[in-house]
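Below is one structure; the comments refer to it alone.
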Amino acid sequence: MAEESTSKHFIEQIIDKDLEEGKYEKIVTRFPPEPNGYLHIGHAKSILLNYGLSVEYGGDFHLRFDDTNPTKEKEEFVKSIVADVEWLGAEFKGGVLFASDYFDKMYEIAEKLIMKGKAYVDDLNADEIREYRGTLTEPGKNSPWRDRSVEENLQLFRDMKAGKFEDGAKVLRAKIDMASPNINMRDPIIYRIARMTHHNTGDKWCIYPMYDFAHPIEDAIEGITHSICTLEFEDHRPLYDWVVTEAEFPHPPKQIEFAKLYLTNVVTGKRYIKKLVEDGIVDSWEDPRLVTIAALRRRGFTPESLKTFMKLVGISKAQGSVDYAMLEYCIREDLKPKVPRVMAVLDPVKLIIDNYPEGVTEEIEVENNNDLPGAGTRKVTFSRELYIEREDFMEEAPKKYFRMFPGNEVRLKGAYFAKCTGCDKDENGNIIAVHCTYDPETKGGDCATRKVKGTIHWVNAADAVNAEVRLYENIIDEEKGKLNEDGSLNLNPNSLVIMKDAKLEASLANAKKEEKFQFIRMGYFCVDMKDSTPDHLVFNRTVGLKSSYKPQ
């Protein structure tokens with residue numbers, strides 16, 4: 001039993017203790033996003049943690065939107081978040097929930113606090129409230145409106161609800177302690193006047209609750225047992241506890257904080273992503289150079305790879321950053337035994353086999369995936385004219401270059417040995433074709449009497465499939481760091497390279513959106529879910545083949 005407990009992370013240990021003490025009959029967790037942008041990989045950690053705990057303890061998991069700020073919230077974001085949570089495999093109980101579903105209850109609790117003498121209407125403006133709040137080293141001072149009577153506060157609050165005051169004219173504040181060492185407890189604002197059309201409630205309300213007031217009430221109404229959030233909310237926990245206590249919920253939830261996920265050389269901040277989208281640097285929130293969940297999916301990542309990644313990252317209180325290479329390692333390990341291996345030439349140049357009979361086409365049998373038992377083989381066509389990668393030929397080769405150069409023999413993968421004899425150039429000196437001869441005795445790519453050091457892949461020119469291939473790197477310049485001196489993002493100019501004339505083997509002619517492949521020697525690719533069509537195939541490179549991450 002002791003061995004089992006030491007292998008559990010600190011949140012599991014808290015839950016185990018709560019269950020042993022009989023505090024809760026059933027564990028209920030939630031993921032509570034604000035619909036003001038697309039989710040990113042850090043949110044995936046929270047989703048998988050909360051959902052995983054509900055499964056582990058036989059409880060329930062809720063998806064609930066904290067939609068208390070209509071100025072930044074859109075239905076587009078609601079739909080994208082629901083799609084992301086479902087794609088990750090998290091099953092939420094009771095359908096999609098909204099904080100706005102509880103606005104009536106929140107208003108009722110606010111009146112209850114007023115009647116208990118625990119809340120008051122304040123006439124100070126935003127700048128004055130900030131001035132009265134004090135600093136980290138100096139206590140705040142009471143508002144001149146702090147001692148209004150219960151009756152006056154109640155009437156003023158009802159007048160706020162009725163729309164009798166201008167936006168910003170008054171706020172409702174909790175009455176706690178202006179001298180508290182925790183600034184969050186210095187009479188925080190819990191309601192403000194804001195005439196905004198809400199995506200869920202329309203124009204019913206002209207006052208809206210603040211997040212720190214609304215969130216604990218939402219959790220308590222839904223019977224959440226453990227409200228799991230990231231470390232920046234640790235200083236807000238006393239206010240969370242104050243709200244559920246003063247609202248007199250019989251079984252208040254427990255807030256627990258864990259470390260955020262920070263990935264090197266990626267952009268996760270919503271305001272930065274939003275600026276990249278608005279400035280046209282990326283094509284959308286789903287651009288594969290981003291690490292929004294939608295972007296990772298579009299790039300070819302799988303739910304399984306993200307789950308493996310989160311297990312490697314772990315759950316802790318200690319804040320730190322994780323190398324992006326670890327995420328790449330996880331997708332490679334997931335795809336390696338799953339997807340077919342095919343031949344694709346991204347930067348093609350024609351290879352002409354001068355001694356191969358003209359007009360003849362034969363079939364070559366190649367393996368689908370030698371890491372997957374039972375994956376079998378397929379047949380690809382072979383003829384006198386092929387495409388090879390432009391980088392697989394050099395007129396003057398350096399040492400340890402074992403691909404094609406005049407006089408050198410290589411293996412055409414799965415087919416024959418071929419000896420390079422030279423090349424053709426255009427009037428500008430650009431290579432337009434490479435020439436070679438083949439040895440018909442080496443079919444299958446083997447020869448008992450001699451060896452070759454280089455193997456290159458190829459595609460038959462006669463039935464090659466044309467495609468656009470997009471090669472991605474991190475959008476941040478890794479060598480210079482994330483931010484420039486002026487605070488702007490330091491962007492990598494080579495984050496997207498488009499190969500418009502790639503040649504793929506014929507088996508890919510009917511590839512479907514999101515279908516995944518390993519392009520031999522090139523990396524893992526998937527069919528783009530947005531731009532690809534049957535007449536214009538578009539492939540995204542998910543990740544290259546080599547990993548710089550070493551698992552512990």
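Counting from 1, the numbers follow the sequence of the chain as shown. All values below come from the heavy atoms of this structure, side chains included, with hydrogens, waters and symmetry mates left out.
Not a single donor-acceptor pair under 3.5 Å links the side chain of K93 to the backbone N or O of E91. Panel note: side chain E86, backbone A83; no donor-acceptor pair is recorded below 3.5 Å. For the pair N69 (side chain) and N36 (backbone), a donor-acceptor distance under 3.5 Å is absent. Counting only distance, with no hydrogens or angles, the side chain of D426 and the backbone of G429 share a donor-acceptor pair below 3.5 Å. For the pair N368 (side chain) and P340 (backbone), a donor-acceptor distance under 3.5 Å is absent. Using a distance-only test at 3.5 Å, with no hydrogens or angles considered, no donor-acceptor pair links the side chain of S80 to the main chain of Y38. With R332 contributing its side chain and K546 its backbone, the two residues share a donor-acceptor pair below 3.5 Å.
By the 4.0 Å N-to-carboxylate-O rule, K419 lies too far from D354 to be salt-bridged with it. Salt bridge absent: R297 and E286 never bring a charged side-chain N and a carboxylate O closer than 4.0 Å. K513 and D528 are not joined by a salt bridge, as no carboxylate oxygen comes within less than 4.0 angstrom of a charged side-chain nitrogen. We find that E473 and R289 are not joined by a salt bridge, their nearest charged nitrogen and carboxylate oxygen being 4.0 Å or further apart. Ion pairing between E395 and K425 holds under the 4.0 Å rule for side-chain N and carboxylate O. For the pair K530 and D287, the salt-bridge criterion is not met [side-chain N within less than 4.0 Å of a carboxylate O]. R521 and E389 are not joined by a salt bridge, as no carboxylate oxygen comes within less than 4.0 angstrom of a charged side-chain nitrogen. Between E367 and R378, no side-chain nitrogen of the basic residue sits less than 4.0 Å from a carboxylate oxygen of the acidic one, so the salt-bridge criterion is not met. At a threshold of 4.0 Å, the pair R470-D531 counts as salt-bridged, since one of the basic side-chain nitrogens sits closer than that to a carboxylate oxygen.
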**OP:** Report the C-alpha distance between L63 and L97 in whole Å, list the side-chain angles of each, state the deciding distance to 0.1 Å, and finish with yes or no for side-chain contact (heavy atoms from CB on, under 4.5 Å).
**Re:** CA-CA 6 Å; L63 171 60; L97 304 171; over 6 Å; no
Subject >> side-chain contact (heavy atoms from CB on, under 4.5 Å) assessment of F393 paired with C423 >> reply: CA-CA 9 Å; F393 170 78; C423 64; 3.8 Å; yes
Original post:
Does the side-chain contact (heavy atoms from CB on, under 4.5 Å) test come out yes or no for H62 and T29, once each step is laid out?
Top reply: CA-CA 6 Å; H62 293 185; T29 60; over 6 Å; no
Subject >> CA sep, side-chain torsions, deciding dist, call: R403, E391, side-chain contact (heavy atoms from CB on, under 4.5 Å) >> reply: CA-CA 9 Å; R403 286 166 277 173; E391 67 174 20; 3.9 Å; yes
**OP:** Kindly determine whether E232 and K260 satisfy salt bridge (Lys or Arg N to Asp or Glu O under 4.0 Å), including the steps that lead there.
**Re:** CA-CA 9 Å; E232 71 265 30; K260 257 186 176 180; 3.3 Å; yes
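What you find for F309 and L263 is that their closest heavy atoms are CZ-CD2, 3.9 Å. Nearest heavy atoms, M310 versus A44: CE-CB, 3.9 Å. Taking each heavy atom of W285 and G37 in turn, the nearest pair found is CH2-CA, 3.8 Å. The shortest non-hydrogen separation linking A90 to I47 is CB-CG2, 3.9 Å. Across every non-hydrogen atom of S507 and V342, the tightest pair is OG-CG1, 4.3 Å. Looking at every heavy atom in both residues, W87 comes nearest to F301 through CZ2-O, 3.3 Å.
Counting only heavy atoms from C-beta outward, the side chains of L327 and Y329 never approach each other to under 4.5 Å. Taking the side chain as every heavy atom from C-beta outward, Y272 and V267 approach each other to under 4.5 Å. Using a 4.5 Å cut-off on side-chain heavy atoms (C-beta onward), M404 and D392 make no contact. At least one side-chain heavy atom of V380 sits under 4.5 Å from a side-chain heavy atom of V366. You'll find the side chain of P33 reaches within 4.5 Å of the side chain of L39, heavy atoms only. Taking 4.5 Å as the limit, some side-chain heavy atom of N50 sits within range of a side-chain heavy atom of R30. Looking at heavy atoms from C-beta onward, K413 lies in side-chain contact with I520 at the 4.5 angstrom threshold. Side-chain contact between E409 and K453 is absent, with no heavy-atom pair separated by less than 4.5 Å.
To the nearest 0.5 Å, atoms CZ (R450) and OG1 (T442) are separated by 6.5 Å. Taken from CD1 in I352 to CG in L386, the straight-line distance is 10.0 Å, to the nearest 0.5 Å. To the nearest 0.5 angstrom, I273 atom CD1 is 9.5 Å from I475 atom CD1. Note that CG of L491 and CG of D279 are 9.5 Å apart. Values are rounded to the nearest 0.5 Å. One finds the CD1 atom of I256 at 5.5 Å from the CD1 atom of I228 (value rounded to the nearest 0.5 Å). Rounded to the nearest 0.5 angstrom, Y524 OH and Q518 CD are separated by 4.5 Å.
Applying salt bridge (Lys or Arg N to Asp or Glu O under 4.0 Å) to K443 and the options E365, E362, E363 leaves one that passes, E362.
More than 12 heavy atoms of other residues, nucleotides or ligands shown are found within 6.0 angstrom of NZ on K270. Around the NZ atom of K317, the shell of radius 6.0 Å holds more than 12 heavy atoms that belong to other residues, nucleotides or ligands. Within 6.0 Å of NZ in K275 there are 12 or fewer heavy atoms belonging to other residues, nucleotides or ligands. Atom NZ of K274 has 12 or fewer neighbouring heavy atoms from other residues, nucleotides or ligands inside a 6.0 Å radius. The number of heavy atoms from other shown groups lying within 6.0 Å of CG (N510) does not exceed 12.
No donor-acceptor contact under 3.5 angstrom links the side chains of Y416 and E441, judged on distance only. Between the side chains of D67 and S100, at least one donor-acceptor pair of N or O atoms lies under 3.5 Å. T437 and N355 share no side-chain donor-acceptor pair at under 3.5 Å. Between the side chains of T302 and S305, a donor-acceptor pair is found at a separation under 3.5 Å. Using modelled atom types and a 3.5 Å distance limit, the side chains of N466 and K503 yield a donor-acceptor pair.
A ring-centre distance under 6.0 Å is found for F65 and F98. F519 and F525 have their aromatic ring centers within a separation under 6.0 angstrom. For F382 and Y356, the ring centers are positioned less than 6.0 Å apart.
Scanning for side-chain contact (heavy atoms from CB on, under 4.5 Å) contacts around V55 gives Y51, with sequence neighbours left out. Every ring pair (Phe, Tyr, Trp, His ring centres under 6.0 Å) that Y211 has, sequence neighbours left out, goes to H215, F233. With sequence neighbours excluded, the residues forming a side-chain contact (heavy atoms from CB on, under 4.5 Å) with D535 are T533, listed by chain and number.
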